[in-house]
Amino acid sequence: MRKGISVLLGLGLALAEAGHRVGVLNPATSFNREVSWLLIWVLVFAVLIFGVVAGSLTYIALRFRAKGNEVGEPPQIHGNDRLEVIWTAIPIVIVLILFGLTAKSLVQVNKAVPGAFTVEVTGYQFWWDFTYPGLGLRTSNELILPVGVPVQLEVTSGDVIHSFWVPGLSGKQDAIPGQKNRIHFTPEKPGNYYGVCAELCGASHARMLFRVLVLPKEEFDRFVAEAQAYQPPVANPRGREVFQQNCAACHNATGKKPPAVIGPELAFVGNRLSLGAGIMDHTPEHLKAWIRNPAGFKPGVKMPGFPQLSEADLNALVGYLEGLKLSGFDFKSLPRF
Ligand code: HEC
Ligand SMILES: [Cu+2]
């Protein structure tokens, strides 16, 4: 039944969004499971009501229409107390049931789990930052989570109001400067989940995307252990020098949160699936083009372009950045949601 409803709804929603991204129809977290369950109940009532209303209408139209030799109006009936009480009481009961179910789901999805894995999520024009206070780690534009562990996201903003939304994982949450809004869920399936900013926040709002990589627990633990032990590579001295001279004022590359955040974390950028806050696949060519002219990809971007770098320096720099990675991780094989 769930499948049938998914197919029907999916057909409609596919026009607005690629079908597999409509998370509540294919729940991959405790949050979306709860919402899909609520959706099914609402649909059941909607179908019942439609059936009763459309059915009675058809029946009455056929049963009481003028027959062959009838002329004039039939006897007119005014008022029927019993009927009126019934048709008032039934909708009230339905509304109360739906209210109860909704309230239950709201409490359920907002329930904080003690000891949940906490990540601080900060929106900036036009990218996302993730810090993992319990682990002393930081990633940008790709949030890394383990399967099967309750998660608490503390969503805030470093500038204007944004909204954090990963349809495959949960509902939206506003990112408001100076305030922490929380989202709770437990991821149930490994995957590469697509996320967006859902609050108009400036010229490149539509290009403020990101990914959430939900990893099997062992792989997540390995990622954490390697990331905590991470040392930036010493190979490629020229690339490192170009980075220090041009980029290090805004970009940190240690995987730990710096005292002042200006641009995205570039540690592990070599492992990244996407660049420019999720707007393009990560390839060395895209990386070069981005460094040359980020504004060509994102109007209003807060990173200057570097057209003045020589081709040799740019190649050395990109070689250096591609080397900022943890070995043995292939996130490309994660199923996409
Ligand atoms: C004035 C600060 C500033 C400087 C200098 C700067 N950047 Fe950036 N950079 C940013 C900001 C801000 C972003 C986020 C842009 C966005 O997506 O809206 C960014 C994004 C990036 C990204 C994409 C990151 C991601 O997570 O997708 C890369 C790669 C990058 N910068 C590399 C560089 C390199 C290499 C240099 C030096 C040649 C450099 N940046 C210099 C501020 C800066
Ligand atoms: Cu935004």
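Every number for a ligand or one of its atoms is a count from 1 in the order of the listing.
- For F126, heavy-atom contacts with ligand 1 shorter than 4.0 Å involve the backbone as well as the side chain.
- Using a 4.5 Å cut-off between side-chain heavy atoms of Ile, Leu, Val, Met, Phe, Trp and Tyr, with links allowed through other members, I161 and F164 fall into different hydrophobic clusters.
- Using a 4.5 Å heavy-atom threshold, the side chains of L209 and C197 count as separate.
- Partner of I92 under the side-chain contact (heavy atoms from CB on, under 4.5 Å) criterion, chosen from I94, L96, V95: L96.
- In this structure, atom 28 (C) of ligand 1 lies nearest to the protein heavy atom W290 NE1, 3.4 Å.
- Shown in contact with N246 at under 4.0 Å from a heavy atom are these atoms of ligand 1, numbered in order with element: 5 (C), 37 (C), 38 (C), 41 (C).
- Between F223 and F268, the angle of the ring planes goes over 60°, which puts this pair in the perpendicular group of the 30/60° scheme.
- Given atom 29 (C) of ligand 1, the protein heavy atom at minimum distance is L287 CD1, 3.5 Å.
- The structure places OG1 of T131 at 9.0 Å from CD of E154, a figure rounded to the nearest 0.5 Å.
- Within the listing of ligand 1, atoms 35 (C), 38 (C) sit less than 4.0 angstrom from a heavy atom of I291.
- Among Y193, W128, Y194, W165, the one residue that satisfies the ring pair (Phe, Tyr, Trp, His ring centres under 6.0 Å) test with F210 is W128.
- Proximity of L317 to ligand 1, defined as any heavy-atom pair under 4.0 Å, is confined to the side chain (atoms from C-beta onward).
- Between A277 and ligand 1, at least one N/O pair is under 3.5 Å apart.
- Contact detail for H162 and S157: the closest heavy-atom pair is CD2-OG, 3.5 Å.
- The nearest heavy-atom contact from the protein to atom 17 (O) of ligand 1 is K298 NZ, 2.7 Å.
- Near P304, meaning under 4.0 Å from any of its heavy atoms, are these atoms of ligand 1: 1 (C), 3 (C), 4 (C).
- Using a 4.5 Å cut-off on side-chain heavy atoms (C-beta onward), Y132 and L143 make contact.
- Every atom of ligand 1 with a heavy atom of L321 under 4.0 Å away is listed here by number and element: 35 (C).
- Ranking protein heavy atoms by distance to atom 34 (C) of ligand 1, first place goes to C247 SG, 3.3 Å.
- Backbone or side-chain N, O or S atoms of M208 reach the Cu ion (ligand 2) at under 2.8 Å.
- Considering all non-hydrogen atoms of both residues, L275 and T283 come closest at CD1-O, 4.2 Å.
- Nearest N/O/S atom of H162 with respect to the Cu ion (ligand 2) is recorded as ND1.
- Ligand-side atoms of ligand 1 in range of N141: 25 (C), 26 (O), 27 (O), range being under 4.0 angstrom from any heavy atom.
- The shortest separation from a heavy atom of I279 to ligand 1 is not under 4.0 Å, leaving the residue out of contact.
- Heavy atoms of E265 found under 4.0 angstrom from ligand 1: none, in either backbone or side chain.
- Contact of the P299 side chain with the R207 side chain is registered, since non-hydrogen atoms from C-beta on lie closer than 4.5 Å.
- Under a 4.0 Å criterion applied to the non-hydrogen atoms of I262, ligand 1 contributes the atoms 12 (C).
- Closest N/O/S atom of H251 to atom 8 (Fe) of ligand 1: NE2.
- Only the side chain of R272 comes within contact range of ligand 1, with a heavy atom under 4.0 Å; no backbone atom does.
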Practice problem: Quick one: do F306 and V242 satisfy side-chain contact (heavy atoms from CB on, under 4.5 Å)? Show the steps, please. | Solution: CA-CA 11 Å; F306 291 84; V242 177; over 6 Å; no

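- At the top of the distance list for atom 3 (C) of ligand 1, counting protein heavy atoms only, stands C250 SG, 2.7 Å.
- In this structure, V301 counts as a contact residue of ligand 1, since one of its heavy atoms falls inside 4.0 Å of the ligand.
- Looking at M208 against ligand 1, nothing comes within 4.0 Å, counting heavy atoms.
- Only the side chain of L266 comes within contact range of ligand 1, with a heavy atom under 4.0 Å; no backbone atom does.
- Residue H205: no N/O/S atom is found under 2.8 Å from the Cu ion (ligand 2).
- Residue-ligand proximity: V318 is placed with every non-hydrogen atom at 4.0 Å or more from ligand 1.
- At most 12 heavy atoms of other shown residues, nucleotides or ligands fall within 6.0 angstrom of atom CG in D81.
- No side-chain heavy atom of V113 sits under 4.5 Å from any side-chain heavy atom of Q152.
- Residues R238 and Y320 are not in side-chain contact: their nearest non-hydrogen atoms beyond the backbone lie 4.5 Å or more apart.
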Exercise. Could you go through the salt bridge (charged side-chain N to carboxylate O under 4.0 Å, His left out) check for K288 and E285 one step at a time?
Key: CA-CA 5 Å; K288 275 175 78 170; E285 294 70 44; over 6 Å; no

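- Here Y124 has no heavy atoms under 4.0 Å from ligand 1, in either its backbone or its side chain.
- Within the 4.5 Å cutoff, no side-chain heavy atoms of K302 are placed close to those of W127.
- In this structure, N271 and E142 have side chains that are not in contact, with every pair of non-hydrogen atoms separated by 4.5 Å or more.
- Atom 41 (C) of ligand 1 has as its closest protein heavy atom F306 CE1, 3.5 Å.
- Nearest protein heavy-atom contact of atom 33 (C) of ligand 1 is M303 CE, 3.3 Å.
- Side-chain contact between L153 and F185 is present, with heavy atoms from C-beta onward closer than 4.5 Å.
- Under 4.0 angstrom from ligand 1, there are no non-hydrogen atoms of S204.
- Taking every heavy atom of L275 and a limit of under 4.0 angstrom, the matching atoms of ligand 1 come to 27 (O).
- Ranking protein heavy atoms by distance to atom 13 (C) of ligand 1, first place goes to P264 CD, 3.2 Å.
- Judged by the shortest distance from any of its heavy atoms, G276 lies inside the 4.0 Å radius around the atoms of ligand 1.
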